[in-house]
Amino acid sequence: MTTDSTQTLATGSRASWRRTHTCGELRSSHIGSTVTLNGWVAGRRDHGGIYFVDLRDRYGMTQVTLATELSDRTQFSTEWVVAITGEVVARESGNANAELPTGEVEVRVKELVVLSQATVPPFEVDDGIETAVEIRLRHRHVDLRRPEMTRNLIHRSRFIGAMRRAFEAQDFVEVETPILTKATPEGARDYLVPSRVHPGEFYALPQSPQIFKQILMVSGLDRYFQVARCFRDEDLRADRQPEFTQLDMEMSFVAEDDVFEAWEKVMASVFDEVMGIQLATPFARLTWREAMDRFGSDKPDLRYGLELVDLAQWVPLSGFKVFEGALAEKNGRVMAICVPGGGSAISRGQMKTLESRAKELGAQGLAWWKPGESGGGAGPVARFCEGDSGADLLARLGGGEGDLVLFCAGEQRLVWKVLGALRTDCARRLELIPKGHTAAEHYCFAWVVDFPMYEWDEETGAFMSAHHPFTAPVDPTLAGDQGELMSRAYDLVLNGWELGSGSIRIHDQKLQARIFDQLGISPQEARAKFGFLLDALGSGAPPHGGFAMGLDRVVALTLGLEGIRDVIAFPKTTSATDLMCGAPSPVPDRQLAEVHVARAGRGRTAEGGAASPAGA
RNA sequence: GGGGGCGUAGCUCAAUUGGUUAGAGUGCCGGCCUGUCACGCCGGAGGUUGCGGGUUCAAGUCCCGUCGCCCUCGCCA
């Protein structure tokens, strides 16, 4: 039986159902007062003579009680939105709920108004559910009602707010840059937006506000920041969405240290304000080369050891032809990691998994050794580790009996990649990674500096910028082998995640032109693509540099999450679709014609049929 | 684009060698219960086994195709 209470809703701006308190607010001090609460019915327990309702809003949960007479004549169910008015009463001792901040009291309901009915929820609106991501995304409006999801979004909001205050405290100015901008063939694939006014021409959504922020420096803004949406049409990962948010910044008349210091201040202030954590600054610094050689990664997780060890000196002692051959190759390396206790902790089955992982990354196989009592031991490399050879190796690795040694031989980049991945894998397996995200020691920040300027691209047979083409070289004379040039780019790394990257930029028009030349971009091409930047650099450009931090990532890490999906209100799936609103979707032909776009090849039409191939 | 995993009730899962009417928990609906808060007890409804084809006397199960989700390599200046 539905009450007529919904009829009483339209009673003007001072409706009687308006809440006086939130559902997370009531304490013993409120006992005796009459209150009105608004919220969602999170749970009901009918005990015959007394009826309990858990009322939930984003502030918390409050238990309210209904007399039989009231519960009998009022219909409501899970997730209905109701208003209750009643008296706050103490719970008798023994009935208090210590789990709930409001657990000392409850509200004895005199009146209940149904504000909105609800369909049965597709899954429980509660923390710790095991519902498939797909279902949660499809019903995101319900998913976000779950306290842990609400908490994530609130944490994100506070984090961003604190960042804004911290930058403003250092005189940074927030400036918005265009979302409809110019396509750049370099870098990631652009999302394109057809122009209606200019047939056949397209805007691109920004991969980052890079050029705009440099131009703001030329304009004399001196210190800029922005909470910037960025778009990259590339395949997704757990820590990658096609649209994501950066805390982007740029500053003038600076070198690396100035940028680092500005960020260290911001991070220290934000962690303190939002989480009460006192970060130690300055953050650790290591060169790219050191990061690769010690951890096999340019985003090393510094919370544990398992470092890579170079074995060039040991290989001749081993007499292992395969390793000797690898060393003789150009950029050949033989390296290993020693997994403490891995001799017994890593099973035969797990070794198979490690090996297939190594092969997946391009290794021929996985050489390993489990040292035994007297220098022998098990594994394909064991017979090269007998006697002095084994003793020498163990001394280099700092290991011994009971450990597991994993080798990798080959081209340097491959060795780094394989051992870097195995290092992470083993650390996870052996649970060497300290858990937690609530104390300073859970956060290992590090600046990685001195990246290579260029990377060789096999596909195009040309050098590409490792960072981006506006990055200043360490040596502005560009002397020496182009492949060996180092850049003034840097990354900030946290617990094995790349939080963001930046660089000191080129502020000299002539040097910028030379870099374009090294990238194989002709002067005509450079003018067409980046003419406005070159013009700006020629109009009085201050030395400048900056950095952009992936907000989704840092927010996820500070919540102890392993992916960024749960800190984004409406994220996309692995195939870049939005399951809630159904984007992307076909559009009617009329709409396509307006923007001068014709269908080509596969695809659905707005009418649901398949599009005819172009030219048909 | 490649590799791997998953897809059965609203949700989470089970179903022997291919074999009777596809089950359980939870949620939902109804009934009982005055102190629960993962309430308890009794009853009920709820299924295009992702979709399409094939093999077979017989398919949730085997084969082919396809779609979706997750992880991952490539990719992500």
Side-chain angles (χ1 to χ4, degrees), chain A residues 42-56 61-68 71 75 77-79 89 91-100 102-103 106 118-139 142 184-190 207-208 210-211 230-242 244 353 356-362 417 421 425 451 453-455 457-460 463-471 487 489 498 501 503 515 519 521 529-530 550 562-563 565 572-577 579 604:
Chain A
R44 299 169 295 157
R45 292 172 295 282
D46 184 356
H47 280 256
I50 187 165
Y51 193 109
F52 299 96
V53 174
D54 295 328
L55 204 59
R56 179 193 65 237
M61 190 110 81
T62 302
Q63 173 168 285
V64 305
T65 63
L66 278 66
T68 310
S71 63
Q75 196 201 4
S77 184
T78 313
E79 297 309 316
V89 299
R91 296 208 204 175
E92 281 178 36
S93 65
N95 287 338
N97 185 346
E99 309 272 301
L100 233 51
T102 60
E106 62 195 14
T119 52
V120 177
F123 47 84
E124 224 178 324
V125 182
D126 202 359
D127 291 348
I129 58 170
E130 288 174 15
T131 306
V133 179
E134 183 175 0
I135 307 293
R136 291 176 48 206
L137 290 181
R138 183 157 285 137
H139 307 277
V142 176
T184 51
E186 275 73 30
R189 198 174 292 112
D190 286 318
Q207 296 175 26
S208 82
Q210 181 60 37
I211 296 179
C230 305
F231 307 85
R232 294 176 190 176
D233 188 4
E234 298 290 348
D235 288 343
L236 276 60
R237 289 289 185 281
D239 64 348
R240 252 163 45 191
Q241 284 272 310
F244 59 99
T353 311
S356 60
R357 174 85 176 137
K359 283 182 171 168
E360 183 181 275
L361 293 168
K417 186 164 75 171
D425 227 67
F451 277 76
M453 185 91 176
Y454 297 111
E455 275 164 15
D457 182 4
E458 296 289 346
E459 266 182 51
T460 59
F463 281 110
M464 287 176 18
S465 293
H467 186 50
H468 57 56
F470 320 115
T471 306
S487 78
E498 182 196 315
S501 57
S503 62
I515 298 299
L519 286 166
I521 302 173
K529 288 174 184 165
F530 307 112
E562 296 191 344
R565 208 176 277 126
K572 294 191 168 50
T573 67
T574 314
S575 61
T577 64
L579 293 178
R604 291 181 299 154

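Only heavy atoms go into these numbers, but all of them, side chains included; no hydrogens, no water, no symmetry mates. Values in this document were obtained by computation on a predicted structure and should not be read as measured data. Reminder, nothing fancy here: chain letters follow the sequence lines and each chain counts from 1.
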Polar atom pairs between nucleotides 5-10 of chain B and protein, under 3.5 Å, N or O only, would you list them?
| unit_1 | atom_1 | unit_2 | atom_2 | d |
| --- | --- | --- | --- | --- |
| B/G10 | O2' | A/Pro122 | O | 2.8 |

Between B/C69, B/U72, B/U12, which one does the side chain of A/Glu134 approach most closely? B/C69
Counting primed atoms, P, OP1 and OP2 as sugar-phosphate and everything else as base, the B/S/- map of nucleotides 40-47 of chain B against protein heavy atoms under 4.0 Å is --------
What nucleic acid atoms does A/Glu130 come within less than 4.0 Å of, heavy atoms only: base, sugar-phosphate, or nothing? sugar-phosphate
Euclidean distance, A/Arg232 CZ relative to A/Phe244 CZ, rounded to 0.5 Å: 3.5 Å
Salt bridge (charged side-chain N to carboxylate O under 4.0 Å, His left out) pairs touching residues 125-137 of chain A, sequence neighbours excluded, are A/Glu134-A/Arg138, A/Arg136-A/Asp143, A/Arg136-A/Asp566
Taking a pair as Watson-Crick or G-U wobble with both distances under 3.5 Å, which nucleotide is matched to B/U21? none
Suppose we screen for side chain to side chain contact (heavy atoms under 4.5 Å, CB included). Which residues come up paired with A/Thr102, at least two apart in sequence or across chains? A/Arg27, A/Thr62, A/Leu100
Is there a donor on the side chain of A/Arg91 or the base of B/U36 sitting less than 3.5 Å from an acceptor on the other? yes
Going by salt bridge (Lys or Arg N to Asp or Glu O under 4.0 Å), name the residues that satisfy it together with A/Arg91, two or more places apart in sequence or in a different chain. A/Glu106
Side chain of A/Glu360, heavy atoms from C-beta onward: which of B/U34, B/C70, B/U72 has the nearest atom to it? B/U72
Any side-chain to backbone donor/acceptor pair from A/Arg45 onto A/Phe52? Under 3.5 Å, distance only. no
Looking at B/C73, B/U36, B/C69, which one has an atom nearest to any side-chain atom of A/Arg237? B/C73
When only distance counts, do a donor and an acceptor, one from the side chain of A/Asp235 and one from the base of B/C76, lie under 3.5 Å apart? no
Identify, with sequence neighbours excluded, every residue that meets side chain to side chain contact (heavy atoms under 4.5 Å, CB included) alongside A/Arg240. A/Arg237, A/Arg553
What about A/Arg232: does its side chain form a donor-acceptor pair under 3.5 Å with the base of B/C75? no
Given the structure, check if the side chain of A/Glu106 and the base of B/G35 hold any donor-acceptor pair shorter than 3.5 Å. yes
